[in-house]
There are 2 protein chains.
Amino acid sequence: MDKPMQLDAIDRKIIHELQRNARISITDLARRVGLSKTPVAARIKVLEDGGLIAGYRAMLSPIKLGLSHVTYVEVRLSDTREAALSRFNTAVRAVPEIEECYMIAGGFDYLLKVRTRNIAEYRRVMGDQISALPHVHATSSYVAMEAVVESAAVNL
Amino acid sequence: MDKPMQLDAIDRKIIHELQRNARISITDLARRVGLSKTPVAARIKVLEDGGLIAGYRAMLSPIKLGLSHVTYVEVRLSDTREAALSRFNTAVRAVPEIEECYMIAGGFDYLLKVRTRNIAEYRRVMGDQISALPHVHATSSYVAMEAVVESAAVNL
DNA sequence: CCTGAAAAATTATTCGC
DNA sequence: GCGAATAATTTTTCAGG
């Protein structure tokens, strides 16, 4: 699961279309990329089996779900040895409100993106879940006021 | 496009399944939520028309695409009047390497998530695109070393 | 490696209940 | 909302270049 795959122009067109609409039929897709259905179906299978296409997902509107509160949380750990980092990573993955988590260069900090229904729920998640993550030493919260670009497609 | 929709338990099951696999058939979906196909198809249409389901997208592996470099950029503007913010927002949406952009409370800062092929490309994007965004006064970059949680599903 | 058409399998839709 | 029947598409397969 780590090396880039070799893609030609047609593969790129295919993933571009599938990123725009995961439910497009092979018939439609073949027409758009200028090939017949047979090779298009075969290429999709290669892309899926190779892990480049990791799945197909419905995009849900957070606002329509009432999940409009986004906060970024900077986390500093008290222990940054490998075992501690590993424990932290595992625990983070078990908190569903954490939509993203990256380890940041420079002092072994983490940046979390947390999505909740409102501030009250955010406080609860912060107090109950995030503060309780292993080895957390300090946190700083940055509240989002407006989503200018949200979960954009990957730039091909 | 702004008020939360009213959902019952079955709607929630439907969107949960579609978030897991956008290509599931109505036949399968109906079986999983314990209803017949007719009402499931009707519910999906309501969810789509209401904007809760915003679309269906193939999830691509950034690593397999060779797009493994993630940087968060904190941006401070020199002008935070409404017209300036609006200009900035519009310009941000035109940069495909910017995957996310939120306006952050407290001093009208922005937080960008930028994805590139490598550091060299990041420097180019930073120099050519981000620095050139309207009213940018200063930026700070935070390089991600590891993706612990990446583009997780929305927590239902 | 692709084409094109035929065949086989599924799927979505439309009813009356 | 159910379930069967219809109708429409879709995926797969295969011979041929």
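Quantities reported herein were computed from a predicted structural model and do not represent experimental measurements. Quick note on labels: first sequence line is chain A, next is B, and so on, each numbered from 1.
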Within this structure, what is the [atom1]-to-[atom2] distance between [X] and [N], rounded to whole angstrom?
X	N	atom1	atom2	answer
A:R23	D:dT9	CZ	P	16 Å
A:I44	C:dC2	CD1	P	13 Å
A:I14	C:dC1	CD1	P	13 Å
A:R31	C:dT3	CZ	P	15 Å
B:D28	C:dT11	CG	P	7 Å
A:I24	D:dT10	CD1	P	10 Å

- Shortest side-chain distance from A:T38, nucleotide among C:dA12, D:dC2, D:dC14: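 From the listed options, D:dC14 comes nearest.
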- Message: Measuring from the side chain of A:S36 (C-beta onward, heavy atoms only), which nucleotide among D:dT11, C:dC2, C:dT11 has the closest atom?
- Response: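 Of D:dT11, C:dC2, C:dT11, C:dC2 is nearest to the side chain of A:S36.
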- Task: Using a 4.5 Å cut-off on heavy atoms from C-beta on, say whether the side chain of B:K113 contacts that of B:E99.
- Result: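 The answer is yes, as the side chains (C-beta and beyond) meet within the 4.5 Å cut-off.
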- Task: Find which nucleotide of DNA chain D each of B:K37 and A:I26 is nearest to by heavy atoms, and output the residue with the more 5' nucleotide.
- Result: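 Taking each residue's closest nucleotide, the earlier one in sequence belongs to B:K37.
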- Message: Taking only side-chain N and O atoms of A:R43, does any of them lie within less than 4.0 angstrom of OP1 or OP2 on C:dC1?
- Response: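 No, because none of the side-chain N or O atoms of A:R43 sits under 4.0 Å from OP1 or OP2 of C:dC1.
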- Task: Drop me the distance from A:R124's CZ to A:I130's CD1, to the nearest 0.5 angstrom.
- Result: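 So the gap between those two atoms works out to 11.0 Å.
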- Task: Using the six-membered ring wherever Trp is involved, compare the ring planes of A:Y72 and B:Y72 and label them parallel, tilted or perpendicular (cut-offs 30° and 60°).
- Result: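 Geometry flag for B:Y72 against A:Y72: perpendicular rings.
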- Do the two ring centres, one from A:F88 and one from A:Y110, sit under 6.0 Å apart?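 Judged by ring-centre distance (under 6.0 Å), A:F88 and A:Y110 do meet the cut-off.
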- Message: Considering every strand and a 4.0 Å limit on heavy-atom distances, what is the contact class for B:P39: base, sugar-phosphate, or nothing?
- Response: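 Sugar-phosphate, backbone atoms only, no base.
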- At under 4.0 Å between heavy atoms, what does A:S25 touch on the DNA or RNA strands: base, sugar-phosphate, or nothing?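 The answer is sugar-phosphate, as A:S25 gets under 4.0 Å only of primed atoms, P, OP1 or OP2.
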Does the pair [X]/[Y] count as a salt bridge with the N-to-O cut at 4.0 Å?
X	Y	value
B:E121	B:R123	no
B:E48	B:K45	no
A:E150	A:R115	yes

- Residue whose nearest DNA chain C nucleotide is more 5′ - B:A41 or A:G34: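 Closer to the 5' end of DNA chain C: A:G34.
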- Give DNA chain D the dot-bracket treatment, 5' to 3': Watson-Crick (N1-N3 with N6-O4 or O6-N4) or G-U (N1-O2, O6-N3) under 3.5 Å, [ ] crossing, | other strand. ||||||.||||||||||
